[in-house]
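All values below were derived from every heavy atom in this structure, side-chain atoms included, with hydrogens, water molecules and symmetry-related copies excluded. Keep in mind that what you see is a predicted model, and the values were worked out from it rather than measured.
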Amino acid sequence: MKERLNQIHDEALQEIDNINSMDGLQVVRNTYLSKKSELMQFMGKMKDLKNEERAAFGQFINSIKNEISEKLEHKRKALEEAKLKEKLEKEVVDFTLPSFSYQKGSKHPFQIIVDQVSEIFIGMGYDIAEGPEVELDFFNFELLNVPKDHPARDMQDSFYIDETHLMRSQTSPVQAHVMLKAEGKGPIKIISPGKVYRRDDDATHSHQFGQIEGLVIDKNINMGNLLSTLELFAKSMFGEKREVRMRSSYFPFTEPSVEADISCFECGGKGCKLCKGTGWIEILGAGMVHPHVLEMCGFDTKEYQGFAFGVGIERVAMLKYGIDHIRKFYTNDKRFLTQFVKE
């Protein structure tokens with residue numbers, strides 16, 4: 001039997017040396033190592049041997065089996081390497097061909113303004129505060145001194161989900177959340193950028209738009225602090241020569257309330273089409289936080305005062321970049337968006 005086993009060993013190794021394909025390799029594997037192969041059938045003859053002969057005979061068969069297996073594995077690797085080498089030689093890359101051109105993307109002008117305004121106020125020590133877009137009427141109106149049936153609600157024709165929930169019509173509810181969390185202890189110095197929702201639709205208004213509102217609460221805060229803050233913002237955003245003026249206005253959550261204008265950056269205050277000949281451009285609303293708002297949110301008005309302001313994100317972008325209609329921010333027109341690649 002050993003003589004025949006040696007013959008099987010030599011025949012298998014010889015055939016493996018002559019193989020030149022993966023299919024041929026599999027044929028040899030099945031011929032010599034499958035359960036029905038002659039080599040494996042010799043394992044069944046071990047029962048006819050004496051006990052002292054079985055161990056040596058089994059080791060002999062396993063040594064032949066292992067040697068054939070190792071030879072097959074080495075041949076498999078050699079065939080794969082040869083196939084890969086042949087493939088690489090055929091697939092020559094011409095490095096002189098022009099490469100693919102990938103157009104650089106750009107930030108949306110909405111996000112450009114959010115980032116620029118945020119950077120300005122972070123530089124002044126403000127924190128960024130965020131809140132939910134689906135808000136309770138209690139936070140959106142009542143805590144801001146706008147009770148039910150208040151006439152000021154008509155100016156913010158809102159999208160109600162049910163009697164108590166609505167899509168927020170301003171980012172002011174974020175201020176209410178922050179004030180309540182502070183539990184009557186200052187200082188507070190935040191801005192809250194985000195989307196808001198109202199039933200508006202014209203060249204400068206949309207049912208969805210962005211606001212950035214600011215809130216400062218501390219001891220001895222006054223209108224002078226508000227004016228200096230707005231002047232620093234205007235100069236940082238629109239140029240060092242900008243001036244700010246404040247006109248009396250009305251907002252339920254501030255008293256006194258003002259509208260803030262900046263000197264026209266197009267004509268330098270001389271009067272042009274952009275500023276409608278006035279030399280000034282309306283930019284935002286502001287005022288001192290109403291004492292009732294402070295009290296509802298847990299602050300002692302004898303100790304703390306504050307100011308608040310709000311500016312439209314698209315409003316700033318339209319002024320800065322000369323955009324003539326708010327709808328262009330939301331139509332995904334590539335011709336519009338690619339103008340801001342350098343930003």
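With values rounded to the nearest 0.5 angstrom, Ser34 atom OG is found 11.0 Å from Arg29 atom CZ. Here Arg327 contributes atom CZ and Glu314 contributes atom CD; the two are 13.5 Å apart, rounded to the nearest 0.5 Å. Rounded to the nearest 0.5 angstrom, Ile313 CD1 and Ile212 CD1 are separated by 4.5 Å. For the atom pair OG1 (Thr229) and CD (Glu231), the distance works out to 9.5 Å, reported to the nearest 0.5 Å. One distance of note links CD of Glu243 with OG of Ser263; it measures 5.0 Å at 0.5 Å rounding. Of the inter-residue distances, the one linking Ile188 atom CD1 with Asp218 atom CG reads 9.5 Å to the nearest 0.5 angstrom.
Under the 4.5 Å side-chain heavy-atom criterion for grouping Ile, Leu, Val, Met, Phe, Trp and Tyr, Trp280 is not connected to Val258 through any hydrophobic cluster. Cluster membership for Ile122 and Leu232, using ILVMFWY side-chain heavy atoms within less than 4.5 angstrom, is shared. Linking ILVMFWY residues whenever their side-chain heavy atoms come closer than 4.5 Å, directly or via other members, places Ile112 and Tyr330 in the same cluster. Note on Leu84: it does not cluster hydrophobically with Met22, by side-chain heavy-atom contacts below 4.5 Å among ILVMFWY residues.
Between the side chains of Glu135 and His177, at least one donor N or O sits under 3.5 Å from an acceptor N or O. Judged purely by distance below 3.5 Å, without hydrogens or angles, the side chains of Asp10 and Gln14 never pair a donor atom with an acceptor atom. A donor atom on one side chain and an acceptor atom on the other are not found under 3.5 Å apart for Gln170 and Gln211. The closest side-chain donor-acceptor pair between Gln26 and Asn30 falls under 3.5 angstrom.
Of the possible polar contacts, one joining the Lys189 side chain to the Met124 backbone as a donor-acceptor pair under 3.5 Å is found. Using a distance-only test at 3.5 Å, with no hydrogens or angles considered, a donor-acceptor pair links the side chain of Tyr304 to the main chain of Gly186. Formation of a donor-acceptor pair under 3.5 Å by the Lys75 side chain with backbone atoms of Ile19 is found in this model. A distance-only check finds no donor-acceptor pair linking the side chain of Asn145 to the backbone of His292 [under 3.5 Å]. A donor-acceptor pair under 3.5 Å is formed between the side chain of Gln305 and the backbone N or O of Asn220. Thr278 contributes a side-chain N or O that, together with a main-chain N or O of Cys275, makes up a donor-acceptor pair within less than 3.5 Å. With Arg168 contributing its side chain and Asp137 its backbone, the two residues share no donor-acceptor pair below 3.5 Å. When atom types are taken as modelled, the side chain of Arg198 and the backbone of Ser169 share a donor-acceptor pair closer than 3.5 angstrom.
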Stepwise side-chain contact (heavy atoms from CB on, under 4.5 Å) test for Ile113 and Tyr321: CA-CA 10 Å; Ile113 297 302; Tyr321 298 119; 4.0 Å; yes
With side-chain contact (heavy atoms from CB on, under 4.5 Å) as the criterion, how do Ser172 and Leu144 come out once you've worked through the C-alpha distance, each side chain's angles and the decisive distance to 0.1 Å? CA-CA 8 Å; Ser172 303; Leu144 301 174; 3.3 Å; yes
Verdict with reasoning, Arg335 to Asp333, per salt bridge (Lys or Arg N to Asp or Glu O under 4.0 Å): CA-CA 5 Å; Arg335 295 169 299 176; Asp333 189 331; 2.9 Å; yes
Please report the C-alpha distance between Met167 and Lys195 in whole Å, then the side-chain angles of each, then the deciding distance to 0.1 Å, and finally whether the side-chain contact (heavy atoms from CB on, under 4.5 Å) criterion is met. CA-CA 10 Å; Met167 304 299 292; Lys195 292 182 289 184; over 6 Å; no
With side-chain contact (heavy atoms from CB on, under 4.5 Å) as the criterion, how do Met288 and Met223 come out once you've worked through the C-alpha distance, each side chain's angles and the decisive distance to 0.1 Å? CA-CA 7 Å; Met288 300 299 294; Met223 287 291 286; 3.4 Å; yes
Worked verdict on Ser192 versus Glu213 for side-chain hydrogen bond (donor to acceptor under 3.5 Å, both in side chains): CA-CA 5 Å; Ser192 52; Glu213 296 199 16; 5.3 Å; no
The test is side-chain hydrogen bond (donor to acceptor under 3.5 Å, both in side chains); show your working for Glu70 and Asn66 and say whether it passes. CA-CA 6 Å; Glu70 290 177 4; Asn66 291 337; over 6 Å; no
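A salt bridge does not link Lys71 with Glu67: none of the charged nitrogens is closer than 4.0 Å to a carboxylate oxygen. The pair Glu81-Lys77 does not meet the salt-bridge criterion, since no charged nitrogen lies less than 4.0 angstrom from a carboxylate oxygen. Taking the charged nitrogens against the carboxylate oxygens, Arg76 and Glu73 do have a contact shorter than 4.0 Å, which makes a salt bridge.
The aromatic rings of Phe251 and Phe253 lie parallel to each other, their planes meeting at an angle below 30°, with 60° marking the opposite boundary. Relative orientation of the Phe121 and Phe309 rings is parallel, given thresholds of 30° and 60° on the angle between their planes. Ring-plane geometry between Phe329 and Phe336 is classed as perpendicular, the angle between the planes exceeding 60 degrees on a 0 to 90 degree scale with a lower cut at 30. Taking the six-membered ring for Trp and thresholds of 30 and 60 degrees, Phe233 and Phe238 have ring planes more than 60 degrees apart, a perpendicular arrangement.
Minimum interatomic distance between Glu259 and Leu284 (heavy atoms only, all atoms of both residues): OE1-O, 3.4 Å. Across all non-hydrogen atoms, the minimal contact from Leu143 to Met296 is O-CE, 3.4 Å. Residue Ile191 comes nearest to Ser118 through the heavy atom pair CD1-CA, 3.9 Å, listed as atom of the first residue, atom of the second, then distance. Considering every non-hydrogen atom in both Ile128 and Pro193, the closest pair reads CG2-CD, 4.0 Å. The two atoms that bring Ile326 and Met318 nearest to each other are N-CE, 3.8 Å, heavy atoms only. Heavy-atom minimum distance, Ser236 versus Ile120: CB-CD1, 3.6 Å.
By the 6.0 Å contact criterion, CD on Glu130 is open, its count of non-hydrogen atoms from other residues, nucleotides or ligands being 12 or less.
Side chains of Ile283 and Asp261 form no contact here, defined as non-hydrogen atoms less than 4.5 Å apart. With a 4.5 Å cut-off on side-chain heavy atoms, Ser248 and Ser257 do not count as touching. Residues Phe299 and Val289 have side chains not in contact (no heavy-atom distance under 4.5 Å, counting atoms from C-beta outward). Between Met237 and Arg242, every side-chain heavy-atom pair lies at or beyond the 4.5 Å cut-off. Considering only heavy atoms from C-beta on, Gln175 stays 4.5 Å or farther from Val178 through its side chain.
If you look at Tyr197 and Phe159, their ring centroids are not closer than 6.0 Å.
With Phe307 as the fixed residue, the side chain to side chain contact (heavy atoms under 4.5 Å, CB included) test singles out one of Thr254, Leu227, Asn225, Leu230: Asn225.
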